[in-house]
Protein chains: 2
Amino acid sequence: MKESLLIDNLSIDCVIFGFDEGKLKALFIKRNTEPCKGMMSLPGGFVYVDEDLTHVPARRLKDLTGLKNVFLREVGAFGKIDRYPERRVITIGYYALINSSDYKLDVGADAQDVRWISVDEVPELPFDHTEIFDAALIKLRKHVRYEPIGYNLLPEKFTITQLQTLYEAILNKKIDNRNFRKKLAKIGILKDLKEKQKNVSHRAANLYSFNKKKYETLVEKGYTFDF
Amino acid sequence: MKESLLIDNLSIDCVIFGFDEGKLKALFIKRNTEPCKGMMSLPGGFVYVDEDLTHVPARRLKDLTGLKNVFLREVGAFGKIDRYPERRVITIGYYALINSSDYKLDVGADAQDVRWISVDEVPELPFDHTEIFDAALIKLRKHVRYEPIGYNLLPEKFTITQLQTLYEAILNKKIDNRNFRKKLAKIGILKDLKEKQKNVSHRAANLYSFNKKKYETLVEKGYTFDF
DNA sequence: TCAAAAGTGTTGTCGCTACACCCATGT
DNA sequence: ACATGGGTGTAGCGACAACACTTTTGA
């Protein structure tokens with residue numbers, strides 16, 4: 001990115017979801033500048049004049065986690081007059097889904113400044129970040145019903161149980177295991193890798209990967225994925 | 001609105017849908033300033049520094065049609081670098097649903113500058129307005145499946161046939177009349193006004209109004225309205 | 001009495017829900 | 001052999017799709 005001007009009244013904020021220890025979590029960073037220095041907040045950033053808007057969250061994700069080609073969705077625009085204390089700033093909210101095993105937090109210098117927090121333990125946030133976060137979570141819950149995007153939160157190879165636990169965490173309810181498997185089998189978006197887990201102290205589960213082609217066909221047809 | 005500064009790099013654009021002559025239409029205005037003077041375009045506007053973002057489309061709607069409390073939904077942010085030719089402007093797209101019998105176009109001086117155009121006859125548009133328009137139509141089609149928002153396009157009192165024609169126009173397909181009525185009866189979002197049409201040269205249809213309470217309950221439950 | 005739109009029921013199919021037990025593996 | 005999670009089938013019910021004729025009204 002070459003040196004260029006930031007547009008100072010337009011920012012983005014990003015809710016980065018991850019799935020770890022059977023829980024849906026989001027990534028927060030501790031603000032190291034005023035205003036609200038010291039509070040945990042959503043990672044955000046400003047737009048360069050010569051940068052596409054959609055590039056901004058992608059760039060921030062890369063800076064923060066090193067990840068590229070992250071799944072990103074727009075949450076919406078947030079533009080109340082006083083949402084930012086110092087001047088008028090309108091922000092576009094996004095959410096990202098990342099596989100948190102691709103991004104284990106550094107235990108180095110900055111470790112205490114970046115944290116995964118379970119979505120039901122999110123602390124008070126600065127500005128309107130609580131509103132943005134809530135909107136993101138609502139959108140995510142809505143979107144997983146209509147598109148099987150959840151796999152973005154899992155490693156390349158995963159088990160059906162992992163996928164189910166994920167859906168249970170997102171939707172915050174128990175799902176019947178047999179029905180879950182049946183439905184997956186019917187829609188056929190999983191590729192059986194004919195591989196098993198290793199080194200687990202119980203029956204080894206089959207591993208699957210995600211079939212994007214099939215997924216796209218289904219989304220076009222307006223399929224719904226209710227569990 | 002008192003005199004105050006416009007934020008010159010942030011605008012809104014609005015796709016205003018109406019339903020007339022059995023067709024889904026959108027409102028376009030002829031640009032009377034450069035750039036792209038003379039082309040039909042989406043009505044848009046800039047944000048005042050002391051004005052909430054969501055107020056902008058509402059204000060524009062009011063200016064343009066005289067209507068207040070219009071149903072508005074955000075379509076998304078559009079922020080390609082060169083989307084606007086003269087300087088960097090990021091725009092937030094909205095769509096509005098209005099009852100076009102509340103707003104019959106003036107046949108006065110400005111008449112040729114504002115036009116309802118059927119959604120499948122939309123001409124070439126300036127900037128990225130085609131992209132915004134397409135996104136709005138896609139969102140509308142998606143939204144009517146999950147929320148019975150269509151009634152916003154109809155007068156206060158309407159017949160089931162009108163509602164059906166509307167859905168057919170939005171979804172662009174024929175719907176079975178008996179199944180449509182059955183489904184409506186089951187979900188119970190219509191209030192039977194025990195009134196009939198007048199002065200029609202055929203059997204007078206029953207009039208209904210919309211039951212918002214019920215609607216809200218249903219939306220919370222995540223009901224889907226497939227036809 | 002004709003034209004034009006309103007309104008009404010039934011049947012078959014498909015998909016969802018609910019529900020309990022055996023299997024494979026490591027310790 | 002036991003503990004742990006993996007993986008499987010069926011029956012009943014409710015929702016949806018397909019389908020054609022009678023009713024009301026004004027002209």
Side-chain angles (χ1 to χ4, degrees), chain A residues 19 21-23 144-146 148 154-155 157-169 171 173-209 214 218 221-227, chain B residues 19 21-23 144-146 148 154-155 157-169 171-209 218 221-227:
Chain A
F19 181 61
E21 301 170 326
K23 285 182 171 173
V144 294
R145 292 191 52 204
Y146 308 132
L154 295 176
K157 302 174 176 189
F158 54 85
T159 70
I160 289 185
T161 302
Q162 281 178 299
L163 188 59
Q164 180 177 341
T165 315
L166 169 62
Y167 272 84
E168 290 178 339
L171 301 174
K173 68 172 189 183
K174 281 281 161 209
I175 298 171
D176 182 276
N177 176 251
R178 280 173 288 196
N179 294 338
F180 188 77
R181 285 164 186 271
K182 251 181 299 174
K183 182 131 187 187
L184 284 172
K186 178 160 59 75
I187 60 187
I189 45 173
L190 296 189
K191 179 147 103 211
D192 184 344
L193 295 174
K194 312 279 186 198
E195 264 181 84
K196 304 256 175 220
Q197 285 178 312
K198 295 259 193 302
N199 303 319
V200 286
S201 77
H202 53 76
R203 176 171 176 177
N206 207 339
L207 292 170
Y208 294 86
S209 68
K214 193 80 181 199
L218 284 175
K221 286 196 208 141
Y223 205 87
T224 62
F225 300 83
D226 273 318
F227 291 107
Chain B
F19 181 61
E21 301 169 329
K23 285 181 172 175
V144 292
R145 292 192 50 206
Y146 309 130
L154 294 176
K157 302 174 177 190
F158 54 86
T159 70
I160 288 183
T161 302
Q162 281 177 299
L163 188 59
Q164 180 176 341
T165 315
L166 169 62
Y167 271 84
E168 290 178 337
L171 301 175
N172 200 26
K173 68 173 190 184
K174 283 278 162 210
I175 298 171
D176 181 276
N177 176 252
R178 280 172 289 193
N179 295 337
F180 188 79
R181 286 164 186 270
K182 249 180 300 175
K183 180 129 187 186
L184 284 171
K186 180 161 58 78
I187 61 187
I189 46 173
L190 296 189
K191 178 145 105 211
D192 184 343
L193 295 173
K194 313 276 185 201
E195 265 181 81
K196 304 252 176 228
Q197 285 178 313
K198 294 259 186 326
N199 303 320
V200 286
S201 77
H202 52 75
R203 177 171 174 178
N206 208 337
L207 292 169
Y208 295 85
S209 68
L218 283 176
K221 285 197 208 142
Y223 205 87
T224 63
F225 300 84
D226 273 316
F227 290 108

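Every chain is numbered from 1, with letters handed out A, B, ... down the list of sequences.
Taking atom CG on N206(A) and atom C1' on dT8(D), their separation rounds to 14 Å, with Å as the unit. Rounded to an integer number of Å, the gap from CG of D176(A) to P of dG6(D) is 14 Å. Across the protein-nucleic acid pair, F227(A) atom CZ and dC16(C) atom P stand 9 Å apart, rounded to whole Å. For I175(B) and dA18(D), the CD1 to C1' distance is 15 Å, given to the nearest whole Å. Rounded to whole Å, atom C1' of dC22(C) lies 14 Å from atom CZ of R181(A). Rounding to whole angstrom units, NE2 of residue H202(B) and P of dA5(C) are separated by 6 Å. Rounded to whole angstrom, the span from the CD atom of Q162(A) across to the C1' atom of dG5(D) amounts to 12 Å. Here the C1' atom of nucleotide dG5(D) and the CD atom of Q164(A) are 12 Å apart, to the nearest Å.
Within 6.0 Å of the NZ atom in K23(B), the count of heavy atoms belonging to other residues, nucleotides or ligands does not exceed 12. Other residues, nucleotides and ligands place no more than 12 heavy atoms under 6.0 Å from the NZ atom of K174(B).
Comparing T161(B) and K182(B) by the nucleotide of DNA chain C that holds the closest heavy atom to each, the one mapping nearer the 5' end is T161(B).
Considering only the side chain of N179(B), dA17(D) comes nearest among dA6(C), dC23(C), dA17(D). Distances from the side chain of K183(B) to the nucleotides dG7(C), dC16(D), dT25(D) place dC16(D) closest.
Screening L163(B), D176(B), T161(B) against R181(B) for a side chain to side chain contact (heavy atoms under 4.5 Å, CB included) leaves a single residue, T161(B). Under the side chain to side chain contact (heavy atoms under 4.5 Å, CB included) test applied with Q197(A), the options H202(A), K157(A), R203(A) reduce to a single match, H202(A).
Side-chain nitrogen and oxygen atoms of K186(A) include none within less than 4.0 Å of the OP1 or OP2 phosphate oxygen of dC14(C).
Not a single donor-acceptor pair, N or O on each side, falls under 3.5 Å between the base of dA17(D) and the side chain of R178(B). The base of dA6(C) has none of its N or O atoms less than 3.5 Å from a complementary donor or acceptor on the side chain of N177(B).
The aromatic ring centroids of Y146(A) and Y146(B) lie less than 6.0 Å from each other.
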